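Step one of this worksheet: look at the structure below.
What you see is a predicted model, and the numbers here were worked out from it, not measured in a lab. So that the names make sense, note that chain A is the first sequence line, chain B the second, and so on, each numbered from 1. Atoms considered below: every heavy atom in the structure, side chains included; atoms not considered: hydrogens, waters and symmetry mates.
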Amino acid sequence: MARKRNKKPSSPNKVASSLSADAIQSLGYEALAEGKYRDAINHFKTLAKIEPEACWQQGLLEAYEGRAQVLEAKGMLKEALAIRENRRRFESSPDPRYIALLLRLGRIPDALTAYTALSQTGDTRSLAQVRSLIAAIDLSRDTPIEGLPADDPVYVDGVHARHALAAWCRGDDEQVAQHLKAIPFRSPYRDLTLILKAMLCLPQDCGKTSALLDKIAADSAFAPLADAARLVLLPEADFIAALPNAGEQSARFAMNLRGWSPERQSLWRELIRRGPEPGPAHLMDVIEKHRQMLGDTWANQKLIRLIHAQWPAKVTPAILKALPSYESFILKAWTTPRFDFHDQEDALCAWENLINVITSGKKPKPGTPDALRVALIHRHLFETLDLSDSDFRKAIEVLLQKNLELVPDEIEEHSFLIQYYQEKKDIKVARRIVEQGLARWPENVTMLNAALDIAIATKAYKKAATLARRILERDPINRHAAQSLFDAHLAHATKQVKKNRPDLAFKEMETAIEWARTSQDKDRAMLMRALLQVLNETPGAIEEVRVRAHRLGQTPLASALAVVLQGSRLGLKTQHTLSLVGMDIERVPDPDDLMRCRDLLQDNMQRISAQSLQMTDILQPFHKPLIKAIQGPLPYQDYECWCELLSRTKDAVLYLMVARIAVDHYPDKPLFVFHEYRARQIQTEIHRAHFWLDDDDVERLETAHSLARSQGDIRTAQRLSDILDALYGFDSSASLLPDDIEDTVDLMIQVFYDHAPLNILRQMQDVEKRHGYPGLVNWVINYMAHNPPPSWIPPLDQLDS
Amino acid sequence: MRDPFLLLNVSPQADDNTIHHAYLHAVKACPPERDPVGFDAVRQAYERIRSQRQRLAYELFDTTPPGIQDILDQACPVNEGGTRRPDLALCQALLRGER
């Protein structure tokens with residue numbers, strides 16, 4: 001093997017010797033600035049041979065200092081000392097850093113000689129620094145440093161400092177305090193006194209400890225002790241994380257002070273043997289090794305979690321075999337994948353196996369921990385499995401209903417199932433469970449609330465009112481109950497009106513007024529009552545309607561709207577209501593009136609949601625004045641609010657008109673393209689018609705989608721993306737094809753595939769690949785609509801054959 | 001996330017009442033205004049095991065693996081207030097700059 005040759009770099013001296021003094025000086029300072037201290041030393045040494053001291057001495061001193069610091073940082077203390085000794089030859093008094101290095105190297109007599117020389121200079125600052133260094137070294141020895149003058153503060157205060165430190169280590173805090181008192185404020189041991197005082201506050205007053213330690217500078221002679229003490233203040237997790245980098249002595253010091261037993265310290269060393277953040281495999285080894293100390297149950301439970309963390313890598317059959325049955329079945333259940341339907345069955349099977357282990361194959365005794373374990377697994381299955389398959393969902397529902405028998409005292413199971421069936425609109429089952437729950441917990445507000453919701457959902461308003469009263473007796477500030485009670489009485493009143501029992505309706509309205517929690521609710525109820533009085537030809541009723549309507553609407557059109565909305569609850573048609581109270585809505589509303597109308601509709605949305613499909617009828621007479629005002633132009637935000645509101649009212653006619661006006665005014669805003677599409681879609685849904693889109697529509701949606709993305713309008717982009725996905729066949733809910741011509745189109749596609757030229761076939765394959773079969777259907781229809789009949793399609797008679 | 005039983009210093013067999021008391025005790029040691037991180041950890045631990053239902057759910061479904069601190073606390077817990085003063089030699093080593 002060829003031996004590597006060390007090529008010696010050419011000496012900067014040789015290069016510099018041929019240069020002028022100024023050039024060499026410049027080179028020296030350049031090297032200094034670049035941190036090339038060795039080169040700088042050589043340059044200034046060269047200069048020393050030809051120039052007086054003033055030209056090179058400062059530079060050389062700086063170069064020596066830099067080099068010494070580099071060597072000290074590398075731990076090359078002897079080499080650093082040689083450099084500092086060179087530097088020392090040019091100094092009038094010894095540098096504290098030189099003395100510090102002598103002390104670190106244990107050359108105490110030399111350090112004391114330098115200290116004596118420094119004492120004679122009167123440099124008090126350097127002297128204090130050096131005294132502190134000597135003080136720390138003095139304390140670090142079993143016997144005091146010899147040779148210090150009897151009146152030297154290091155010697156004088158050292159006696160008390162030594163006793164104080166020893167007493168603290170023994171735990172004799174009284175002695176510590178006494179000796180610390182004897183140490184004067186400006187002592188070389190000042191930092192030690194602060195550290196000891198800080199540590200005396202532990203563990204009770206960590207704040208004071210921290211404040212005292214903050215007074216110790218990073219370059220203090222006592223800094224290593226202070227740093228180790230600071231570790232103790234860290235929270236346990238941070239402490240454990242900091243320990244590996246703290247150094248052996250500091251770590252031991254801090255661990256002891258935190259009360260870590262030798263066993264804990266030893267276990268910690270074992271845990272971090274392979275690095276400060278050991279992986280699961282190493283933790284498993286440690287747990288296995290110390291199983292006895294950790295306890296079998298705990299060890300097994302943690303082992304399965306560690307196995308799961310690295311599953312399936314590095315898991316051997318031997319590890320799994322060593323696990324007890326219960327833990328091994330839990331692990332199996334955790335690790336059974338569930339990516340598709342078949343995997344789901346595997347997952348269900350894995351959890352059922354665990355249930356068998358828990359119950360030993362028998363029915364668990366209701367209310368026992370095992371029964372609760374089984375119930376929890378049932379809930380877990382419901383929450384984690386995909387229940388889109390109806391049979392699968394039914395199977396899980398059966399398990400959930402079993403939970404009521406397994407844990408009859410768990411109100412949580414009842415509440416969960418009630419809510420589940422309510423959301424599923426299976427009120428019958430929900431009511432059965434509520435009744436069971438109420439029989440068990442008749443005073444429970446959660447159960448009463450659930451019963452109230454069901455009563456309202458089933459239009460049992462009288463029952464709802466009774467339940468709300470029961471809730472309010474137990475929980476007087478229950479807003480939901482108070483609101484429900486108000487709504488229930490009002491709804492019951494409506495029911496009585498429809499039964500032609502105005503007497504009972506008035507009674508219900510009075511009660512509703514009593515329970516109204518807001519002035520608006522009260523006005524609504526009173527307006528409704530006044531309308532009923534108008535129907536009964538009560539004198540002064542029309543005036544009362546106007547007063548209440550004005551309180552609710554405040555502006556002319558909004559007041560009329562308020563009357564109409566309440567009238568609709570009594571089953572009155574809009575025009576009838578308006579003529580009954582003599583209200584005119586022909587005038588075009590001003591911006592304030594328009595805004596009030598919008599606010600009023602917004603406020604009423606909660607209450608009119610059930611009637612949403614009738615909203616077109618209710619609002620129809622308002623279309624003309626509203627549209628005239630909305631024609632605007634209005635600010636973008638106003639159109640946005642109107643569109644969002646109308647999308648919920650399902651008044652598709654008004655919605656579509658407003659969306660089109662908005663598109664005209666703001667053609668670059670994709671949001672209104674979306675609303676226009678939605679309005680058309682809702683309109684066709686209401687009329688149960690098929691929603692046809694042409695190429696231009698799709699193109700507009702695609703352009704709007706791109707625009708929304710480029711404008712950063714994420715919500716609109718997502719809404720449009722959902723529409724486009726549905727159109728392209730990612731979602732079957734938005735087919736472009738009426739059922740009755742589906743067969744014809746299927747046949748057409750078959751003809752295309754059989755007879756189309758290659759370029760058309762390629763396009764078809766591409767479309768089908770990207771957008772599925774529905775996308776292909778759309779493409780074929782568009783092709784036929786926009787092209788002359790293709791010549792390659794055979795005559796009809798041949799097709800039939 | 002820490003083992004909630006170890007963090008609250010209660011046995012896995014402890015009842016609701018014991019766990020509640022342990023929680024109150026732990027909160028006193030790290031009130032939210034002084035130690036928000038510690039308080040949050042204590043609160044989360046309590047929420048995970050406050051009732052038998054939650055304790056069993058933790059046993060069955062929580063897959064959080066243990067960390068160094070969990071193993072240390074389970075094997076050799078630190079006694080509260082049980083600080084031990086380091087010996088003089090250790091202090092002297094630090095004073096010599098031996099970290």
Side-chain angles (χ1 to χ4, degrees), chain A residues 104 136-137 139-142 165-166 168-171 202-203 222 224-225 227-228 235-237 240 246-250 252-253 256-261 263-264 267-268 271-272 278 280 283 286-287 290 293-295 297-298 301-302 305-306 308-309 330 334 369 372-373 376-377 380 410 412, chain B residues 1-3 5-7 9 11-13 29-30 34-42 51-99:
Chain A
R104 279 181 78 184
I137 293 296
L139 274 187
S140 75
R141 294 156 56 103
D142 289 336
L165 181 63
W168 179 76
C169 291
R170 283 195 314 271
L202 288 172
F222 295 92
L225 195 57
D227 290 344
E236 188 77 350
I240 289 173
E248 175 60 24
Q249 312 295 352
S250 302
R252 270 180 56 211
F253 179 92
N256 279 334
L257 209 48
R258 275 183 86 110
W260 282 33
S261 62
E263 294 78 21
R264 187 173 167 103
L267 183 59
W268 169 74
L271 282 162
I272 60 146
L283 294 182
V286 175
I287 288 177
H290 297 281
M293 191 159 56
L294 292 161
T297 310
W298 194 89
Q301 285 184 359
K302 297 305 168 186
R305 283 158 174 86
L306 287 164
H308 180 258
I330 290 181
W334 286 350
L372 183 51
R373 280 187 181 92
L376 286 167
I377 292 172
H380 181 74
E410 286 274 323
E412 152 70 18
Chain B
M1 203 175 278
R2 291 284 321 279
D3 178 324
F5 295 101
L6 291 170
L7 199 140
N9 197 18
S11 145
Q13 284 76 43
C30 48
R34 210 183 66 203
D35 180 6
V37 177
F39 172 77
D40 202 40
V42 166
S51 66
Q52 190 189 31
R53 183 184 181 89
Q54 279 147 325
R55 291 192 287 281
L56 293 179
Y58 174 78
E59 174 189 301
L60 287 165
F61 312 120
D62 191 303
T63 57
T64 315
I68 292 182
Q69 197 179 345
D70 291 327
I71 297 172
L72 286 172
D73 284 353
Q74 176 69 15
C76 332
V78 180
N79 290 330
E80 213 170 299
T83 60
R84 299 187 320 120
R85 298 280 166 89
D87 58 29
L88 186 60
L90 192 51
C91 296
Q92 287 175 328
L94 286 168
L95 288 169
R96 279 194 299 273
E98 295 167 18
R99 287 175 195 260

Heavy-atom contact with chain A under 4.5 Å, split by part of [X]:
{"X": "B/Leu7", "answer": "neither"}
{"X": "B/Asp73", "answer": "both"}
{"X": "B/Ala93", "answer": "side chain"}
{"X": "B/Pro12", "answer": "neither"}

* **Atom CZ of A/Arg104 with >12 non-hydrogen neighbours under 6.0 angstrom** => no
Tell me, do [X] and [Y] make a side-chain contact under 4.5 Å, heavy atoms counted?
{"X": "A/Pro235", "Y": "B/Asp35", "result": "no"}
{"X": "A/Leu372", "Y": "B/Gln52", "result": "yes"}
{"X": "B/Leu90", "Y": "A/Gln249", "result": "yes"}

Name the region of [X], side chain, backbone, both or neither, that has any atom closer than 4.5 Å to a heavy atom of chain B.
{"X": "A/Glu236", "result": "both"}
{"X": "A/Asp227", "result": "side chain"}
{"X": "A/Ile287", "result": "side chain"}
{"X": "A/Trp298", "result": "side chain"}
{"X": "A/Ala237", "result": "both"}
{"X": "A/His308", "result": "side chain"}

* Asked: How long is the gap from CG on A/Leu294 to CG on A/Leu267, to the nearest 0.5 Å?
  -> 7.5 Å
* Pairwise distance CZ(A/Arg264) to CG(A/Leu271) - rounded to 0.5 angstrom -> 10.0 Å
* **Test item: B/Asp40 side-chain N/O and B/Val37 main-chain N/O as donor-acceptor pair under 3.5 Å** => no
* Asked: Can you tell which of B/Arg34, B/Arg55, B/Arg53 has the highest number of heavy-atom pairs within less than 4.5 Å of chain A?
  -> B/Arg53
* Asked: Which of the residues A/Ala136, A/Ser140, A/Ala246, A/Pro224 is involved in the greatest number of heavy-atom pairs with chain B at under 4.5 angstrom?
  -> A/Ser140
* For each of A/Ala309, A/Pro280, A/Gly171, tally heavy-atom pairs with chain B at distances under 4.5 Å, and name the one with the top tally. => A/Gly171
